[in-house]
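Have a look at the structure below, then the notes.
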Amino acid sequence: MDGFLKIAPDIPHIAAGAWITLTLTAVAMTIGIVSGLVLVFVRSSRIPILSQAAVGWIEFFLLTPPLIHIIWAYYVLPIVTGWRLDAITVCAIALSASVGAHMAEVFRAGLQSIPKTQHRAAEVLGLSVIDKYRFIILPQTLRVILAPSTNVLVSLLKDTSLAAVIGLGEILHRAEVAASSNFLFLEILTFVAVLYAALNYPLIVLARKLEERSRQGFVSV
Amino acid sequence: MKEDARKKPFVSLRGVHKRFGDLLVLRGVDLQVAQGEVVVLIGRSGSGKSTLLNCVALLEQIEAGTIEVDGAVVGAGPADETALAPKTRRREVAAEIGMVFQSFNLFPHLTVLQNITLAPRRVRGVSSRNAEILALELLDRVGLREKANEYPVKLSGGQQQRVAIARALAMNPKVMLFDEVTSALDPELVGEVLKVMRQLAEEGMTMLVVTHEMRFAREVADRVIFMDQGVIVEDSAPSRIFTNPSTDEAARFLRVLMDAEAVE
Ligand SMILES: Nc1ncnc2c1ncn2[C@@H]1O[C@H](COP(=O)(O)OP(=O)(O)OP(=O)(O)O)[C@@H](O)[C@H]1O
Ligand SMILES: [Mg+2]
């Protein structure tokens, strides 16, 4: 118990890293959602090159770990291109790319879950393509994707800790720095785990609520 | 004058061909339907009945032939494309073809009232107020006014199907297409839907109906059409096709249907 009292002076500094964690999460989620939308749109293109490029991009970021992208962009990119990006930019780009690929999959699954008969019913009433999506397809898709999107958000918040490897001062990096000077690794890392859990808990609760609602909201017949 | 209108074909299909990949589903369908006529389509599963209705509803693009509704060529294969009415006219006519499906297909996230008012508002630019007045009138007609603010999931199959009919009627269609609209219903709910269709027929609606309800065909249809492997093989008055079908296929198919009905 002693150790936990001894880390008290480090807590404010580590907890303040949550701002960077949350900012990075917000930025990557926003860019990820937008790029996910663009990717599904391009993927459904009738021009084969475009749709194949989108598929390739999505698969690459689904199949490879974001840690590799961060390290690659931070250490390798400057050698190859001569550009040096600062740590937070590198993390924002790498995590956005990963979130974009995951969100593209969420959107695609959501759109595909709407039965073809809903499209036909809308078309036969004479609705334009835009109106069909705006009033019939997208509102139903939104309900379906809310829960999986929140899950992506929860993973993202945890993945921001990868930024520690390139020395970005978010929660984990600050914790590592503190621990390496007072050697209270167990206590400090336990505190960090609790902090992540506290940040994520409301999101998990939200995801469960949304899932519940989309299950009982309506059964599509 | 009225006689003339009745004789002129209102829906007219000539040499309609439709394929899905290698499968030729419609192989030259010719069909003329006069205004106010009720035509029942029967035929084995896979004979192309749904495909035919989907082509008339412009949900499918045809490969050859022409489809005309109220004097406008709305569908044509590449070879007959020059006959096509201008796009805006085609879209207008398309909105005037109502279709009801086996699986109801109400919009689950919208109330009954919203299901009915959406298309008149968005496609025809009717004001919300007027669209609602019209929708409530239609709900009265199908006996569901008290369900206006319910979501579809709260309705029985028969009620959902009646809402689907009201939704199609809200576009003031010139033709109504019904694709096995009672097949997914529990037997005790079939009657309420057929009653609405009967009433529509009596009011003079032009109707193309795919159904296995032989009583409905006998009592309501002006003509019964038997389809086999993508072509129309028999087209006669119900009194004739039921007593004295001219093809063996039709005779065999009808015998099976009648036996099934007798068992029920
Ligand atoms: N979108 C599609 N893609 C590929 N094949 C299709 C498609 N729609 C229908 N078919 C095929 O076309 C043929 C005719 O189908 P259709 O649904 O028109 O038959 P049907 O007479 O309505 O049969 P049922 O009585 O079972 O409803 C079938 O062999 C079917 O498998
Ligand atoms: Mg069918």
Side-chain angles (χ1 to χ4, degrees), chain A residues 33 37 40 44-48 51 106-150 206-221, chain B residues 50 53-54 56-60 74 88 90-111 114-125 150-157 159-161 163-164 167-173 175-177 179 184-185:
Chain A
I33 288 172
L37 282 173
V40 236
S44 68
S45 158
R46 267 187 229 125
I47 304 163
S51 71
V106 169
F107 291 140
R108 188 178 60 88
L111 285 167
Q112 276 180 356
S113 77
I114 308 304
K116 200 174 169 207
T117 50
Q118 287 286 308
H119 288 262
R120 305 208 134 190
E123 281 160 23
V124 95
L125 286 168
L127 292 178
S128 67
V129 176
I130 291 175
D131 275 4
K132 178 179 82 173
Y133 276 91
R134 179 169 160 204
F135 294 105
I136 306 302
I137 306 303
L138 292 182
Q140 294 184 62
T141 307
L142 190 66
R143 286 214 183 183
V144 180
I145 66 168
L146 276 175
S149 304
T150 319
L206 178 69
R208 287 198 192 124
K209 279 234 174 75
L210 293 172
E211 208 177 316
E212 185 75 4
R213 222 186 70 180
S214 74
R215 208 173 326 125
Q216 63 181 210
F218 52 77
V219 190
S220 133
V221 213
Chain B
S50 296
L53 291 197
N54 289 339
V56 176
L58 308 185
L59 291 172
E60 301 283 2
V74 289
T88 45
R90 242 183 300 156
R91 218 178 292 128
E92 268 167 41
V93 178
E96 289 170 342
I97 303 172
M99 183 160 181
V100 186
F101 306 85
Q102 179 175 351
S103 51
F104 327 140
N105 304 349
L106 293 183
F107 305 130
H109 61 301
L110 302 179
T111 63
Q114 291 166 334
N115 260 277
I116 302 175
T117 54
L118 180 67
R121 280 174 39 220
R122 299 300 305 178
V123 180
R124 295 272 162 74
E150 293 283 10
Y151 282 90
V153 70
K154 293 273 161 97
L155 272 54
S156 75
Q159 291 172 334
Q160 290 193 44
Q161 199 56 296
V163 173
R167 179 175 71 179
L169 291 176
M171 291 301 282
N172 198 13
V175 191
M176 283 287 285
L177 312 174
D179 192 0
L185 296 177

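Everything numeric in this text was worked out from a predicted model, so none of it was measured. Per chain, numbering begins at 1; letters A, B, ... match sequence-line order.
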Counting only non-hydrogen atoms closer than 4.5 Å, does [X] touch chain A with its backbone (N, CA, C, O), its side chain (CB onward), both, or neither?
X	result
B:Ile97	backbone
B:Arg167	both
B:Met171	side chain
B:Leu58	neither
B:Glu60	side chain
B:Tyr151	neither

Would you say that [X] contacts [Y] through its side chain, given a criterion of any heavy-atom pair below 4.5 Å between the two side chains?
X	Y	result
B:Leu110	A:Phe135	no
A:Ile137	B:Phe107	no
A:Leu127	B:Leu118	yes
B:Leu59	A:Val124	yes
A:Gln118	B:Pro108	yes

Q) Which value, rounded to the nearest 0.5 Å, describes the distance between B:Asn105 atom CG and A:Ile136 atom CD1? A)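 Nearest 0.5 Å value for the CG-CD1 distance: 11.5 Å.
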Q: Would you give the length of the straight line joining atom OG of B:Ser103 to atom NZ of A:Lys116, rounded to the nearest 0.5 angstrom?
A: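 Here the rounded value is 12.0 Å.
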Q: Could you list all the salt bridge (charged side-chain N to carboxylate O under 4.0 Å, His left out) pairs where at least one residue sits in residues 94-105 of chain B, not counting sequence neighbours?
A: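 Listed by first then second residue: B:Glu96-B:Lys174.
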Q: Write down the atom of B:Val123, the atom of A:Gly126, and the distance for their closest heavy-atom approach.
A: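 Between these two residues, the closest heavy atoms are CG2-O, 3.5 Å.
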Q) Excluding sequence neighbours, so at least two apart, what forms salt bridge (charged side-chain N to carboxylate O under 4.0 Å, His left out) with B:Arg122? A)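 A:Asp131.
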